[in-house]
Amino acid sequence: MADFTKPYDPQKVENEIYKKWLESGYFNPDNLPVAKSYPSAGGLKAKSYVIMLPPPNVTGSLHMGHALNATIQDILIRKKRMEGYKTLWLPGTDHAGIATQNVVEKKFKKEGISRHDLGREKFLEKVWEWKEEYGNKILDQLKRIGASCDWSRTRFTMDDNYRKAVEEAFLHYYKKGLIYQGERVINWCKRCQTSLSDLELEHEEEKGKLYFIKYPIVKNSKLQDYIIVATTRPETMLGDTAVAVNPNDERYKDLVGKKLILPIVNREIPIISDDAIEKEFGTGAVKVTPNHSIIDSEIADRHNLPRVTIINAYGKMTDDAGKYFAGLSTQDAREKVVTELEKQNLIEKIEERAHRVAKCYRCASVIEPQPSKQWFLKMNELAEKTKKAIEDGNVRFNNERWKKISLDWLSSIRDWCISRQIWWGHRLPVWFCQNQTGISNSQFLISKQFKNKNLSDEHSVVSIKQPKECPFCDGCQMKQSEDVLDTWFSSALWPFATLGWPDKETKDLKEFYPTQVLSTARDIINLWVLRMIFSSIEFMDGQMPFAKVIIHPTVLAKSGQRMSKSLGTGVDPLDLIEKYGADATRFGLIYQMMGNQDMKFEESHLLAGKKFANKLWNISRFVLQKTGDNFYYELPKENDPKSGNYDALDGHEGDSLLKKLSMTIEYANKDIDNFDFGQALHTIYDFVWHDFADKYIEESKSKDTNDVKIVLSHTLINILKLLHPFMPFITEEIWSELPIKDKKLLIVSNWSNN
RNA sequence: GCACCCUUAGCGCAGUGGUAGCGCGUCACAUUGACAUUGUGAAGGUCGCAGGUUCAAUCCCUGCAGGGUGCACCA
């Protein structure tokens with residue numbers, strides 16, 4: 001029971017209201033009144049409205065971005081539910097391969113146990129235990145802010161059925177010839193001991209040194225004595241097999257084709273020309289280290305250069321680096337190389353220089369590019385189709401800016417490295433002959449030349465189940481690849497794998513696919529959004545996974561910095577909910593969401609939200625007191641003999657309020673539908689506080705006519721509805737106090753029939 | 001390097017080719033009246049800087065400065 005004698009206390013109300021909603025079953029679309037009006041599957045279908053919650057990582061806990069995003073989605077879902085759509089907001093979590101494995105590894109490290117001590121099977125058991133215990137924490141936190149997800153449909157990216165989807169997708173791409181195994185230099189995290197895709201790197205500006213090193217030219221009296229190359233990583237020179245210059249660089253024109261002596265190593269290496277080299281950088285001459293730089297590797301491919309691997313998977317120098325360096329860390333090797341070069345007077349100069357270092361997005365270790373055999377998904381064709389879908393407007397972003405970012409990425413895309421050398425994730429459905437290769441892991445390469453290999457060359461087959469017989473030998477037990485797939489490979493299937501795909505006939509898939517809106521953060525546009533689009537093109541017959549994409553503003557600290565735990569700039573939304581209530585937290589976030597790419601978080605808006613909740617509370621109390629037994633649920637219709645009062649409304653001072661109310665409703669509707677949530681909330685706020693409370697209610701105190709009661713009841717009902725998507729708890733609570741016959745919960749009341 | 005965004009009151013942000021607004025904060029007054037999580041009122045802005053277009057620019061254009069973001073093969 002609402003206690004109107006006291007100020008509004010969200011803590012007392014919110015849990016009770018949420019329980020009420022859960023008991024009602026209305027979060028599940030199958031229980032909605034609209035589902036009941038279309039009982040037979042064969043007949044007319046109720047119109048559905050579906051949003052897939054971007055599955056948070058199981059390791060996650062709610063941050064401001066989640067809170068904002070959840071509020072946005074809840075606003076849309078609640079409005080559509082009230083409008084009579086069969087609404088589904090499907091929640092779930094992502095197994096988050098590397099992130100989760102790291103968390104569990106860390107936990108055991110404290111006890112001095114490594115994952116290798118436990119072994120794969122045992123370790124995975126522990127990860128599952130961890131997931132069962134902590135993995136749903138973030139979903140419970142979403143409940144606190146009022147998210148009306150259908151919890152009965154909660155999915156996890158490693159559920160049994162989801163696993164089927166992932167395997168099916170892999171098989172599909174493979175049969176189409178889009179998945180292949182390739183040898184190349186990839187991004188390697190030496191701490192996580194796995195490959196990473198280009199998108200899983202973070203670049204950080206660091207102070208470093210640029211070394212200018214002289215490489216002597218093989219004797220020729222007419223030419224200069226040496227070429228100077230600039231590098232930030234002198235130790236990699238031990239693996240150099242060429243020096244490259246731009247073809248149009250006049251300075252080096254006569255030198256192309258000549259040979260150099262690689263210092264220390266004393267290897268003869270050629271001078272080559274390649275378009276990838278910029279004349280302006282450094283000296284315009286670049287050392288080429290094919291096995292420890294992705295770009296250099298590509299240059300090496302174009303010029304058929306030999307490859308030398310001088311750094312191993314743990315970031316230590318190999319035997320091929322020479323006996324003086326073998327076993328050293330790259331840092332120690334660098335110092336030793338520089339000392340040696342100085343001794344030989346081969347260092348021209350050393351400049352201080354800020355440069356960007358690629359780091360692992362999960363553990364922040366410096367990336368050590370490594371030659372390796374990995375699995376790739378060909379991107380050209382998929383990217384082209386995705387581009388077309390976006391250009392044709394089959395998927396629309398809430399801002400052109402995001403469209404452009406997407407198209408840019410799709411235009412300069414490389415094949416996607418989808419294999420990872422970790423344990424937690426979906427294992428590749430690839431099986432190896434034990435007598436021929438025996439290798440079941442993407443291995444670290446020391447080969448001098450790279451190839452793309454056919455599976456049959458590798459004595460392996462792609463199969464979801466373990467093959468009964470090995471096609472390559474007599475009766476070996478084929479062994480499954482030890483590799484797992486990139487987490488994002490499975491996330492990319494989220495919009496349909498959650499609805500039962502690869503079974504195309506499930507009731508949910510038929511009824512709820514495609515979805516209407518995807519709302520997410522901008523840093524995963526490429527990582528996730530675009531991959532969902534091409535996955536849907538491939539697996540759902542070209543049908544887009546969602547019609548519209550909302551990229552919401554990034555919530556920054558007031559200083560303009562990113563919110564982060566390590567910087568101490570983070571704000572915990574749960575603390576805010578504790579302090580102001582969920583409604584006020586939602587209000588505060590949305591109130592400052594005005595369409596820019598960032599929003600600097602300002603806590604005072606939450607205070608405004610709390611005050612506003614209280615204002616609404618008191619408005620309601622006043623209206624109920626004033627109307628007493630004459631609370632009008634419906635506005636009397638014109639010419640209705642029972643309500644001759646209505647005529648009197650024309651020209652009544654309440655008439656202008658009602659006009660303003662209809663305008664507010666109209667604008668708010670339009671703004672919500674355009675995803676201008678902040679604008680909508682401002683409009684409603686201004687009407688409620690300034691037009692309704694400050695003016696009309698003040699004036700109404702001195703009047704006691706039936707007209708006034710009609711206007712008061714009618715306006716209250718409408719602002720409760722209008723505000724429900726934004727502030728669901730308090731509006732539902734007040735609604736429960738209104739004297740209305742055959743009253744439904746506000747959550748399923750009609751959006752617009754008053 | 002390329003592209004994009006932002007710069008308006010102490011703070012966070014709206015807004016418009018012609019008297020500049022909201023929330024929080026500040027100040028004054030009011031107060032057992034739905035609500036002090038209140039009401040009424042006030043102070044506070046040459047709308048980043050410099051040019052240009054225009055009868056008129058905070059708004060359109062150009063340049064500059066500061067802040068931010070995305071992308072890229074910065075060796």
Side-chain angles (χ1 to χ4, degrees), chain A residues 4-10 198-199 203 208 210-211 229-234 236-237 240 243-244 274-278 280-289 292-299 353-357 399-414 522-523 525-526 551 553-554 556 558-562 580-581 584 587-588 591-626 676 678-679 681-683 685-686 689-690 693-694 697-698 700-702 712:
Chain A
F4 277 121
T5 61
K6 298 214 170 84
Y8 177 62
D9 180 0
D198 296 340
L199 292 178
H203 295 270
L210 189 62
Y211 300 83
V229 299
T231 180
T232 52
R233 299 195 61 190
T236 62
M237 69 168 287
D240 284 1
V243 164
D274 194 283
D275 288 331
I277 310 303
E278 283 172 38
E280 287 72 27
F281 188 89
T283 60
V286 179
K287 55 192 276 316
V288 182
T289 318
H292 299 288
S293 152
I294 293 176
I295 312 106
D296 291 6
S297 178
E298 287 168 2
I299 295 174
R353 183 182 169 85
H355 63 128
R356 297 185 59 169
V357 180
N399 189 309
E400 284 291 307
R401 189 187 302 158
W402 314 128
K403 176 175 166 181
K404 202 169 166 297
I405 285 177
S406 306
L407 294 175
D408 283 352
W409 183 67
L410 290 166
S411 304
S412 60
I413 200 162
R414 286 209 177 104
R522 74 161 170 273
D523 48 352
I525 294 176
N526 299 341
I551 301 298
T554 303
L556 300 176
K558 203 169 169 179
S559 61
Q561 291 171 293
R562 267 195 125 70
Y580 299 100
F587 177 100
Y591 195 78
Q592 55 191 306
M593 179 191 162
M594 297 303 287
N596 277 329
Q597 59 181 4
D598 298 327
M599 56 191 246
K600 288 186 203 163
F601 178 70
E602 170 67 72
E603 194 168 319
S604 71
H605 293 301
L606 277 72
L607 180 63
K610 192 171 184 188
K611 288 182 179 179
F612 185 53
N614 194 55
K615 190 74 181 175
L616 192 62
W617 188 250
N618 286 303
I619 285 171
S620 306
R621 181 200 317 190
F622 175 82
V623 171
L624 287 174
Q625 278 171 5
K626 185 85 179 171
D676 292 327
Q679 191 59 255
L681 188 53
H682 276 262
T683 305
Y685 177 96
D686 289 342
W689 202 302
H690 302 301
D694 288 349
I697 286 185
E698 283 307 318
S700 76
K701 283 178 182 169
S702 58
L712 287 174

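The chains referred to below are lettered A, B, ... by the order of the sequence lines, with proteins before strands, and numbering in each begins at 1. What you are looking at is a predicted structure, and each value in this text was computed from that prediction instead of being measured.
Comparing the C1' positions of B:G45 and B:C11 gives a spacing of 14 Å, expressed to the nearest Å. Taking atom C1' in both B:C27 and B:G33, one finds a spacing of 26 Å when rounded to whole Å. B:C49 and B:A42 have their P atoms separated by 28 Å, given to the nearest Å. Comparing the same atom, P, in B:C61 and in B:G25 gives a spacing of 37 Å after rounding to whole Å. Taking atom C1' on both nucleotides, B:C55 is separated from B:C71 by 45 Å, rounded to a whole Å. Rounded to whole Å, the separation between the C1' atoms of B:A43 and B:A9 comes to 11 Å. Using C1' as the reference atom, B:A57 and B:A20 are 13 Å apart when rounded to the nearest Å. Nucleotides B:G41 and B:C4 place their P atoms 46 Å apart, quoted to the nearest Å.
Under the side-chain contact (heavy atoms from CB on, under 4.5 Å) test applied with A:Thr289, the options A:Asp240, A:Ile295, A:Ile299 reduce to a single match, A:Asp240.
Looking at every heavy atom in both residues, A:Gly588 comes nearest to A:Leu606 through CA-CD1, 3.7 Å. Closest approach of A:Arg522 and A:Thr554 over heavy atoms only: NH1-OG1, 3.0 Å. Closest approach of A:Glu298 to A:Arg414, counting heavy atoms only: OE2-NE, 3.0 Å. Taking all atoms of both residues into account, the shortest heavy-atom contact from A:Asp274 to A:Ala276 is OD1-N, 2.9 Å. Nearest approach of A:Ala584 to A:Gly609, heavy atoms of both residues: CB-C, 3.7 Å. Listed here is the closest heavy atom pair of A:Tyr580 and A:Glu603: OH-OE2, 2.7 Å.
Nearest-nucleotide assignment on RNA chain B puts the 5′-proximal partner with A:Gln592, out of A:Asp694 and A:Gln592. Where A:Arg401 and A:Met599 each meet RNA chain B at their nearest nucleotide, the meeting point lying more 5' is that of A:Arg401.
One atom, CG of A:Asn614, and another, C1' of B:A34, lie 10 Å apart when rounded to the nearest Å. With rounding to whole Å, A:Met594 atom CE is found 9 Å from B:G15 atom C1'. As a whole-Å value, the separation of A:Lys403 NZ from B:C4 C1' is 15 Å. The separation between A:Phe587 atom CZ and B:U37 atom P is 17 Å, rounded to whole Å. Regarding A:Leu616, its CG atom lies at a distance of 13 Å from the C1' atom of B:U37, rounded to whole Å. In this structure, the NZ atom of A:Lys626 is 16 Å from the C1' atom of B:C35, given to the nearest Å. Nucleotide B:A34 holds its C1' atom 15 Å from the CZ atom of A:Phe612, rounded to whole Å.
Taking only side-chain atoms of A:Lys600, from C-beta outward, the nucleotide of B:A34, B:G12, B:G15 with the closest atom is B:G12.
Remark: A:Lys701 is not in phosphate contact with B:G33, judged by side-chain N or O atoms under 4.0 Å from OP1 or OP2.
Inter-residue side-chain proximity for A:Asn399 and A:Ile551 is flagged as unmet; no heavy-atom pair is nearer than 4.5 Å. Counting heavy atoms from C-beta on, the side chains of A:Lys403 and A:Leu407 come closer than 4.5 Å. Residues A:Asp198 and A:Ile413 form no side-chain contact, since every pair of their non-hydrogen atoms from C-beta on lies 4.5 Å or further apart.
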Under the 3.5 Å Watson-Crick or G-U criterion, the dot-bracket string of RNA chain B, with | for inter-strand pairs:
(((((((..((((....[..)))).(((((.......))))).....(((((..]....))))))))))))....
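In this structure, A:Glu698 reaches the bases: a heavy-atom distance under 4.0 Å links it to at least one base atom across the strands shown. When heavy atoms are screened at a 4.0 angstrom cut-off, A:Ala244 is found touching no nucleic acid atom at all.
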Taking only N/O atoms, report every protein-nucleotides 22-26 of chain B pair under 3.5 Å with atom names and distance.
{"residue": "B:C22", "atom": "O2'", "partner": "A:Tyr591", "partner atom": "OH", "Å": "3.0"}
{"residue": "B:G23", "atom": "OP1", "partner": "A:His690", "partner atom": "NE2", "Å": "3.3"}
{"residue": "B:G23", "atom": "O4'", "partner": "A:Tyr591", "partner atom": "OH", "Å": "3.3"}

Sugar-phosphate atoms are those with a prime plus P, OP1 and OP2; base atoms are the rest. Using that split, label each nucleotide of nucleotides 68-75 of chain B B, S or - for protein heavy atoms under 4.0 Å, 5' to 3'.
BSSBBBBB
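With ring centers used as reference points, A:Tyr685 lies under 6.0 Å from A:Phe587.
Distance check, rounded to the nearest 0.5 Å: CG of A:Leu616 to OH of A:Tyr8 gives 9.5 Å. With values rounded to the nearest 0.5 angstrom, A:Gln625 atom CD is found 9.5 Å from A:Asn618 atom CG.
Checked by distance alone, A:Lys404 brings no side-chain donor or acceptor within 3.5 Å of a matching partner on the base of B:C4.
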